[in-house]
Amino acid sequence: MNNFEERVLRVVKTISKGRVLTYKEVARRAGSPKASRAVGNILKKNYSASTPCHRVIHSDGTIGEYNRGAKKKIMMLRGEGVKMVKNNNGYVIHKAE
DNA sequence: TAGCTGACGCAAA
DNA sequence: ATTTGCGCCAGCT
């Protein structure tokens, strides 16, 4: 439970439907603001649908990678009502500037 | 045990 | 504003 992995998973499970959280935020909540990379590694290792790992995105608003493929991740987010816009590079979370 | 990799982030050019 | 490089933490080989 005290493991970083457990904490990260716990935080991700906290994310509500239609809401997204950045790796940075997750890492910060987990207690290691600089461990954004480690967070990604853990999420990738966790294939359980119990954890909405698809709701974790980059701090820039970009979708990032996903164990099932970024495409799938985008589709899932869209299905949850997350507004996104198509960019030259792919999809990004619709965010007011 | 030591080194490399990676679902990232930020700073500098 | 965009592109490139470096840093960071935890896990895996």
Side-chain angles (χ1 to χ4, degrees):
Chain A
M1 298 298 188
N2 297 329
N3 301 332
F4 187 74
E5 181 182 322
E6 274 283 335
R7 284 188 291 192
V8 171
L9 294 177
R10 188 188 302 171
V11 173
V12 176
K13 287 176 184 174
T14 307
I15 308 175
S16 305
K17 175 175 170 292
R19 202 66 190 277
V20 294
L21 209 60
T22 66
Y23 289 95
K24 181 82 171 180
E25 287 289 302
V26 175
R28 183 180 288 181
R29 286 193 188 188
S32 301
K34 303 287 187 168
S36 48
R37 272 181 144 167
V39 172
N41 262 346
I42 293 169
L43 291 180
K44 131 183 191 182
K45 188 170 80 69
N46 185 73
Y47 273 61
S48 304
S50 314
T51 306
C53 33
H54 59 270
R55 292 179 187 160
V56 186
I57 62 171
H58 289 200
S59 45
D60 293 274
T62 46
I63 304 303
E65 292 297 311
Y66 189 57
N67 48 31
R68 260 58 168 188
K71 185 109 179 207
K72 187 80 175 184
K73 186 173 182 180
I74 294 167
M75 184 167 62
M76 292 172 86
L77 288 173
R78 196 177 69 168
E80 292 186 351
V82 179
K83 300 295 185 296
M84 350 190 354
V85 293
K86 178 96 166 46
N87 199 349
N88 298 313
N89 216 8
Y91 274 87
V92 294
I93 300 298
H94 182 261
K95 182 180 164 194
E97 296 184 47

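Order of the sequence lines fixes the chain letters, A, B, ..., with proteins taken first and strands second; residue numbering starts at 1 for each chain.
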From the options B:dG9, B:dA7, C:dC9, select the nucleotide whose nearest atom is closest to the side chain of A:Ser59. B:dG9
d(CZ, A:Arg55; C1', B:dA7) in whole Å: 17 Å
Is the closest basic N to carboxylate O distance between A:Arg55 and A:Glu80 below 4.0 Å? yes
Going by an N to O cut-off under 4.0 Å, is there a salt bridge joining A:Glu5 and A:Lys45? yes
Identify the two heavy atoms, one from A:Tyr66 and one from A:Cys53, that lie closest to each other, and give their separation to 0.1 Å. CE1-SG, 4.2 Å
Can you measure A:Lys45 atom NZ to C:dC9 atom P for me and round it to whole angstrom units? 20 Å
Base, sugar-phosphate, or nothing for A:Ala35, non-hydrogen atoms under 4.0 angstrom? sugar-phosphate
Nearest-nucleotide pick for A:Thr22, side chain only, options being B:dG9, C:dC9, B:dA7: B:dG9
Tell me the interatomic distance from A:Asn67, atom CG, to B:dG6, atom P, rounded to whole angstroms. 16 Å
Separation of B:dA7 P from A:Ile15 CD1 (nearest whole Å): 18 Å
With heavy atoms under 4.0 Å as the rule, sort A:Lys24 into base, sugar-phosphate or nothing. sugar-phosphate
Starting at atom CD1 of A:Ile63, determine the distance to atom C1' of B:dA7, rounded to an integer number of angstrom. 12 Å
What's the closest nucleotide to the side chain of A:His58 if the choices are B:dG6, B:dG9, C:dC9? B:dG9
Please determine, for the side chain of A:Lys34, which listed nucleotide (B:dG9, B:dG6, C:dC9) has the closest atom? C:dC9
Considering only heavy atoms and no angle criterion, is a donor-acceptor pair shorter than 3.5 Å present between the side chain of A:Asn41 and the base of B:dG6? yes
Atom CZ of A:Arg68 with >12 non-hydrogen neighbours under 6.0 angstrom: yes
Using modelled atom types and a 3.5 Å cut-off, is there a donor and acceptor pairing between side-chain atoms of A:Lys86 and backbone atoms of A:Val92? no
In whole angstrom, what separates A:Asn46's CG from C:dC12's P? 12 Å
Closest of C:dC12, C:dA10, B:dA7 to the A:Ser32 side chain is C:dA10
Nucleotide nearest A:Leu43 when distance is taken to its side chain, options B:dA7, B:dG9, C:dC9: B:dA7
For A:Phe4 and C:dC12, give me the distance from atom CZ to atom P, rounded to whole Å. 14 Å
Taking CG from A:Asp60 and P from B:dA11, how many angstroms apart are they, rounded to a whole number? 11 Å
